[in-house]
There are 2 protein chains.
Amino acid sequence: MATGRTHRPATRSRGIPEATVARLPLYLRALTALSERSVPTVSSEELAAAAGVNSAKLRKDFSYLGSYGTRGVGYDVEYLVYQISRELGLTQDWPVVIVGIGNLGAALAGYGGFASRGFRVAALIDADPAMTGKPVAGIPVQHSDDLEKIISEDGVSIGVIATPAGVAQQVCDRLVAAGVTSILNFAPTVLSVPDGVDVRKVDLSIELQILAFHEQRKAGEEAGAESGPEAGTETGAPTAPPAARTGGSSRKGPDGDVPAVMPA
Amino acid sequence: MATGRTHRPATRSRGIPEATVARLPLYLRALTALSERSVPTVSSEELAAAAGVNSAKLRKDFSYLGSYGTRGVGYDVEYLVYQISRELGLTQDWPVVIVGIGNLGAALAGYGGFASRGFRVAALIDADPAMTGKPVAGIPVQHSDDLEKIISEDGVSIGVIATPAGVAQQVCDRLVAAGVTSILNFAPTVLSVPDGVDVRKVDLSIELQILAFHEQRKAGEEAGAESGPEAGTETGAPTAPPAARTGGSSRKGPDGDVPAVMPA
DNA sequence: CCATCTTTGTGCACGCGTTCACAAAGACAT
DNA sequence: ATGTCTTTGTGAACGCGTGCACAAAGATGG
């Protein structure tokens, strides 16, 4: 999970567990595919397989929404699509602003998965004056000076931050002050927000690091098979905990991200 | 969380809980920032604040790695950076291939956060012959015909899929067959992989849908304050569960993703 | 050397999420 | 109408993750 809520101790919204909410979009996607193939009904078993989850889990998830199935038959696809869409708030239009139109921001602006699910890119915002007015994915970039005006005029409540890490918190503060209450953060920083504001983060680097951990473990298991499972626990630690300071490097990554410092 | 492992019942790798592994990159980032400011030691309280977590949680996380702190003082920054890097497998170089060089793939290729953490983009691969040879972020795109050769020659074990959803499973199968055992999937599909292969997924659309859910709930709470908290449970459902089929549309999204069908 | 003070490391309890297993419900055939 | 068969909906048990609260450890000062 590249994700993780920030703050807010598992709000358990209207009795719907957070874990269930996170799976509803998965079910919706599978159901939409079935709908396009004109499949009238699905069993929990089939749908669970399509969504990549356990069937018992799926049934319990749906039970939080109500009793929308028919015993002995399954679930009506169209009806379920509607119910989940309504529950997720996808029956209304959500204007979204994207702040920071670099490589990633531009890619997000052109991402088809947004518009297809009721999310409308209301504006692209960047701090670089050279970008202002230039169309990206058919939408002209606006300058960040107008951020507050754009948010309030369009009634935007969801903001996407795709800026360098260094300015993410400032951008976040301005978005929140202007009325945004949900933020999707792509910058590799921890954002602090007041209560009532939801933050979800997507960090590509973190995902890769988690994969690397498991990858290393797999490799270690093979190699460790000959010398016992307890190998590799102390593979030459460089110095004792109170190591002498080496003086911090000042290299900065291209997007304002900080590189990992690897002693020795 | 934009994330979520696939299969594999919480492997609890070498006694290190999955939830802890997912937080290690967070700590590492905070520690790296401290290291650049030449801060010699941090308390669990300070570091926890910087990483956006609870200090008790942080201490428990570190306890799984060993006793690297000094009571009354805190943790040695440099030493901890090294220990976490080693635990995550970041002391070695991980070659990574990115398959599907569209908007997103190109953005990923240029993402600075990869190289700075020991991940090296070994190759960019795309099925479009017109892309072949064209440099993206300084790296020439190679044709997908050579996928197997590239993987085996470079010893690549981590693959990133940024293709349209329709071809993601095929690409995944080829990657796995060629020897890739960790996959980061950006395509909006459930990938099925054999045992021993890790898949992590990042789905931008899902993250927004989760935000929309909470956003709707917030809006509903305000409005519902006047008519009681039980309002909005049955806001005009369109038809009874056994609804007549309306015939599926066949529209496809621009990236092969399927649009949500909204009845009535 | 001793007292004090800070901060770690962890035992324990609690709550959420997952999974099993089964009773109830309805479709369908006779 | 009745029996059979399929599939849902959920009660209950279990395991993981989180957070509290405190004892142990070590630094620091006198």
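The figures here come from the full heavy-atom set of this structure, side chains too, leaving out hydrogens, waters and symmetry mates. First the proteins, then the strands, lettered A, B, ... as listed; each starts at 1. Being a predicted model, the structure only gives us computed values, none of them experimental.
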Euclidean distance, atom [atom1] of residue [X] to atom [atom2] of [N] [Å, nearest integer]:
X: A/L58; N: C/dT19; atom1: CG; atom2: C1'; answer: 14 Å
X: B/K57; N: C/dG15; atom1: NZ; atom2: C1'; answer: 13 Å
X: B/E18; N: D/dG17; atom1: CD; atom2: P; answer: 8 Å

Would you tabulate the side-chain donor-acceptor contacts of residues 51-58 of chain A under 3.5 Å, counting partners in other chains and residues two or more places apart, or write 'none'?
| residue | atom | partner | partner atom | Å |
| --- | --- | --- | --- | --- |
| A/N54 | OD1 | A/A56 | N | 2.7 |
| A/S55 | OG | A/E45 | OE1 | 3.4 |

With sequence neighbours left out, write down each residue that passes side chain to side chain donor-acceptor pair (under 3.5 Å) with B/S44, or none if nothing qualifies.
->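 For B/S44, the residues satisfying side chain to side chain donor-acceptor pair (under 3.5 Å) (neighbours in sequence not counted) are B/R59.
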State which residues pass side chain to side chain donor-acceptor pair (under 3.5 Å) with A/E46; sequence neighbours excluded, sorted by chain then number.
->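 Only A/S43 meet the side chain to side chain donor-acceptor pair (under 3.5 Å) criterion with A/E46.
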Which residue pairs pass the ring pair (Phe, Tyr, Trp, His ring centres under 6.0 Å) test with at least one member in residues 18-38 of chain A, sequence neighbours excluded?
->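 Found A/Y27-A/F62.
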Who pairs with B/F186 by ring-ring contact (aromatic ring centres under 6.0 Å, His included), at least two apart in sequence or on another chain?
->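 B/F186 satisfies ring-ring contact (aromatic ring centres under 6.0 Å, His included) with no other residue.
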What string of B, S and - do you get for nucleotides 7-14 of chain D 5' to 3' if you count protein non-hydrogen atoms under 4.0 Å?
-> BBBBBB--
